[in-house]
Amino acid sequence: MDEINDIYEKLGGVISKDDFTRKVEEKVEQMSGLCDTRTAAMLVAHDLGVSDTGGEQQIQRISEITPNSGNVKLIAKVMTVYPAKEFNRNDGTVGRVANLIVADETGSIRLTLWDDRADLVKSGEIEIGQTFQIAGYVKEGYSGVEVNVGNNGVFCESDEKVEARIESKQIKDITNGMGDINLRARVLDISDIRTFNKRDGSTGKVANLLIGDETGKIRVTLWDELTDFTQQVEVDDSVEIINAYARENNFNQQVEMQVGNRGTIKKIEEEVEFKESFTPISDIIPGESYSISGQVSGLGEIREFNRDDGTVNMVSNIYVSDDTGRIRIALWGDHALLVDELDIDTNIDIIDAYSKSGFNDEIELSAGNRTRINIH
DNA sequence: CCCCCCCC
């Protein structure tokens, strides 16, 4: 309460102490709890024409925040809200912590709220899209630079208009281990939702999207409730992903993006461009994923076979030629049926097929369930 | 945390 007194002192008696206190309480009320008393007092003082009440530090642009920024004041919009967590302090009290991603016109940053402020997250009072006046201290956190709002900080809803800019990564710049990835991309392929058993015995859900931008494409894995998104989106829609992380898979060491319970994905109106890049057939080497474009130059029969695990599958083989060469393509599963629709010279694109050294040591492409085939 | 490069 001392600091409120200090603020009152600066008013030079333009209002009685009681009136001031009442106005401060009203202000807190107006902000429906999303404002602390000290900030409310400064706002009241400001309303009364007195702006020199202390905390008039320069508003910091998010892009200019560095680990050494110290105490900062910013106005930013909530982009992501993570669930609050509780922990036990050494003194026996229960601490609370919650993280947000907030953004202004220049970029986005992680905000860590402690205790009373974290409770605002827990009670659902903080929503995506709200704008806040924030004062806190900067430190290097677990996943990069973050602004911490403790008991001496300010976290107060603001009616300032903030045109939030999410700093978008380009797909080509995504590397293994990267966190807090935001990007906009175009949906190229959508998987079914699969269920699996977690180690703890519960059932998990997983689904994938293949997305692309002007710089490349990448596979995205969605977990649990987020898998529902695959039902709401179509190929060629554009999406924005906030707070994903990148990991190498242990199958073919490809870097993939994961969107877990800390991340979000949504459709956006803006169209992200993507252009498939096709490899000349003569450039294909074994052990990579390729897309090729050419004409059908050979057609085989559909064959059924038993896999080692006893399941039945089918395969057919076709040949495709372009200006540089000719290659055999094994069409697996449902793709095998395509031979019935194809004629010699049909224009065909085989997208994301895996190359390997096959029959007679010749290089061939495998068109499996992640391969897309367009006939035109 | 899941899946996947399987035929003759």
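Residue numbers start from 1 in every chain, and the chains themselves are labelled A, B, ... in the order their sequence lines are given, proteins ahead of strands.
Not a single donor-acceptor contact under 3.5 angstrom links the side-chain atoms of A/Asn369 to the base of B/dC4. A donor-acceptor contact under 3.5 angstrom links the side-chain atoms of A/Arg328 to the base of B/dC8. One donor-acceptor pair, N or O on each side, does fall under 3.5 Å between the base of B/dC2 and the side chain of A/Arg194. With hydrogens and angles ignored, no donor-acceptor pair under 3.5 angstrom links the side chain of A/Arg219 to the base of B/dC4. A/Glu301 contributes no side-chain N or O that forms a donor-acceptor pair with the base of B/dC7 under 3.5 Å.
From A/Arg194, atom CZ reaches atom NZ of A/Lys205 across 12.5 Å, with rounding to the nearest 0.5 Å.
Using a 4.0 Å heavy-atom criterion, one finds that A/Asp308 contacts no nucleic acid atom at all. When heavy atoms are screened at a 4.0 angstrom cut-off, A/Gln254 is found touching no nucleic acid atom at all.
Among the nucleotides B/dC5, B/dC2, B/dC1, the one closest to the side chain of A/Tyr354 is B/dC5. Looking at the side chain of A/Phe359, the nearest of the listed nucleotides B/dC5, B/dC2, B/dC8 is B/dC8.
For the pair A/Lys356 and B/dC6, the criterion of a side-chain N or O lying under 4.0 Å from OP1 or OP2 is met.
Per the geometry, CZ belonging to A/Phe196 stands 8 Å off P belonging to B/dC3, to the nearest Å. Counting to the nearest Å, the C1' atom of B/dC2 and the CG atom of A/Asn249 are 11 Å from each other. The distance from atom CH2 of A/Trp332 to atom P of B/dC4 is 14 Å, rounded to the nearest whole Å. Look at CG on A/Asn306: it is 17 Å from P on B/dC6, rounded to the nearest Å. Regarding A/Arg370, its CZ atom lies at a distance of 13 Å from the P atom of B/dC6, rounded to whole Å. Residue A/Glu364 contributes atom CD, which lies 10 Å from atom C1' of B/dC5 at whole-angstrom precision. Taking atom CD1 of residue A/Ile302 and atom C1' of nucleotide B/dC8, one finds them 15 Å apart after rounding to whole Å. Straight-line distance from the CD1 atom of A/Ile193 to the P atom of B/dC3: 16 Å, rounded to whole Å.
The side-chain ring of A/Trp223 is stacked on the base of B/dC1, judged by centre separation under 5.5 angstrom and plane angle under 30 degrees.
The environment of A/Glu270 atom CD is dense: over 12 non-hydrogen atoms of other residues, nucleotides or ligands sit within 6.0 angstrom.
Note on ring orientation: taking the six-membered ring where Trp is involved, the planes of A/Phe132 and A/Phe155 are parallel (angle under 30°, cut-offs 30° and 60°).
With hydrogens and angles left out, the side-chain atoms of A/Asn249 and A/Glu256 include a donor and acceptor closer than 3.5 Å.
Side-chain contact between A/Ile109 and A/Val145 is present, with heavy atoms from C-beta onward closer than 4.5 Å.
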